[in-house]
Amino acid sequence: MKIINKKLISVYESDIVDGKFINKTVTEVGDDCFYNMPSLRAVSLPKVTAIGSRNFRHNAALTSVSVPLLAQCGDGNFSHNAALTSVSVPLLAQCGDGNFSDNAALTSV
């Protein structure tokens with residue numbers, strides 16, 4: 001993974017442990033992270049308040065994403081995840097276009 005000034009810039013399949021990606025230090029996620037990662041099942045980013053665009057997309061095994069402090073996100077996030085059932089973003093106040101689309105199993109946001 002690549003982090004610059006507490007901003008997550010990139011994530012690699014090798015950063016996933018037992019299907020989970022957890023980072024308790026980053027406060028922001030850039031663009032195009034968590035894309036097409038076959039082993040990714042869950043993501044927890046407890047200190048992130050903002051994410052860019054096109055994150056958390058096309059992950060066949062991803063079932064949950066928790067970003068409890070997220071206040072704003074760009075476009076095209078949380079989409080095209082066949083197994084995704086839950087996204088926890090209780091403080092989300094501003095969100096771009098095309099988020100949360102094409103998730104057949106999604107039951108809770």
Side-chain angles (χ1 to χ4, degrees):
M1 97 185 77
K2 183 176 181 181
I3 299 170
I4 298 174
N5 296 327
K6 294 191 177 185
K7 180 177 183 177
L8 185 63
I9 303 299
S10 60
V11 178
Y12 307 103
E13 192 77 26
S14 60
D15 299 322
I16 300 166
V17 178
D18 295 327
K20 298 176 185 173
F21 179 90
I22 300 169
N23 186 295
K24 296 179 181 179
T25 61
V26 296
T27 58
E28 187 176 352
V29 175
D31 297 329
D32 300 306
C33 293
F34 305 100
Y35 175 76
N36 196 22
M37 303 182 118
S39 68
L40 185 63
R41 290 180 293 139
V43 176
S44 177
L45 299 165
K47 292 188 177 178
V48 167
T49 60
I51 65 173
S53 296
R54 301 170 310 278
N55 294 288
F56 313 103
R57 299 178 309 126
H58 296 280
N59 297 292
L62 182 62
T63 60
S64 68
V65 178
S66 176
V67 195
L69 299 181
L70 183 65
Q72 66 180 34
C73 70
D75 300 322
N77 294 292
F78 312 103
S79 62
H80 298 70
N81 299 294
L84 186 62
T85 58
S86 175
V87 178
S88 178
V89 287
L91 300 179
L92 186 61
Q94 184 180 15
C95 194
D97 296 326
N99 293 290
F100 309 103
S101 64
D102 295 315
N103 297 303
L106 187 59
T107 58
S108 174
V109 176

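- With S53 contributing its side chain and D75 its backbone, the two residues share a donor-acceptor pair below 3.5 Å.
- When atom types are taken as modelled, the side chain of R41 and the backbone of F21 share no donor-acceptor pair closer than 3.5 angstrom.
- Between A60 and A83 the shortest heavy-atom distance is O-CB, 3.3 Å.
- K20 NZ to S39 OG: the interatomic distance, rounded to the nearest 0.5 Å, is 13.0 Å.
- For the residue pair P68 and P90, the shortest heavy atom distance occurs at O-CG, 3.6 Å.
- No continuous path of hydrophobic side-chain contacts links V26 to I9 [ILVMFWY only; heavy atoms under 4.5 Å].
- The heavy-atom pair separating R57 from G76 by the smallest distance is CD-O, 2.9 Å.
- Residue pairs meeting the salt bridge (Lys or Arg N to Asp or Glu O under 4.0 Å) criterion with at least one partner in residues 6-15, sequence neighbours excluded, are K7-E28.
- Partners of N99 according to the side-chain hydrogen bond (donor to acceptor under 3.5 Å, both in side chains) rule, which considers only residues two or more places apart in sequence or in another chain, are N77.
- Between F78 and F56, the two ring planes are parallel [angle under 30°; tilted spans 30° to 60°].
- Aromatic ring pairs are classed by plane angle as parallel below 30°, tilted from 30° to 60° and perpendicular above 60°; the pair Y35 and H58 is perpendicular.
- Rounding to the nearest 0.5 angstrom, the gap separating the OG1 atom in T25 from the CD1 atom in I3 is 5.0 Å.
- A pairwise comparison of heavy atoms in L70 and C73 identifies CD2-CB, 4.3 Å as the closest pair.
- Across every non-hydrogen atom of N59 and F34, the tightest pair is ND2-O, 2.9 Å.
- Going from atom CG of L84 over to atom CG of N103 covers 5.0 Å, rounded to the nearest 0.5 Å.
- Counting all heavy atoms, side chain and backbone alike, R54 lies closest to D31 at NH2-CB, 3.7 Å.
- In this structure the side chain of M1 reaches within 4.5 angstrom of the side chain of L8, judged on heavy atoms.
- For the atom pair CD of Q72 and OG1 of T49, the computed distance is 7.5 Å after rounding to the nearest 0.5 Å.
- In the hydrophobic clustering of ILVMFWY residues, with side-chain heavy atoms under 4.5 Å counting as a link, V109 and L69 come out apart.
- L40 places none of its side-chain heavy atoms less than 4.5 Å from the side chain of V11.
- With hydrogens and angles disregarded, a donor-acceptor distance shorter than 3.5 Å links the side chain of N55 to the backbone of G30.
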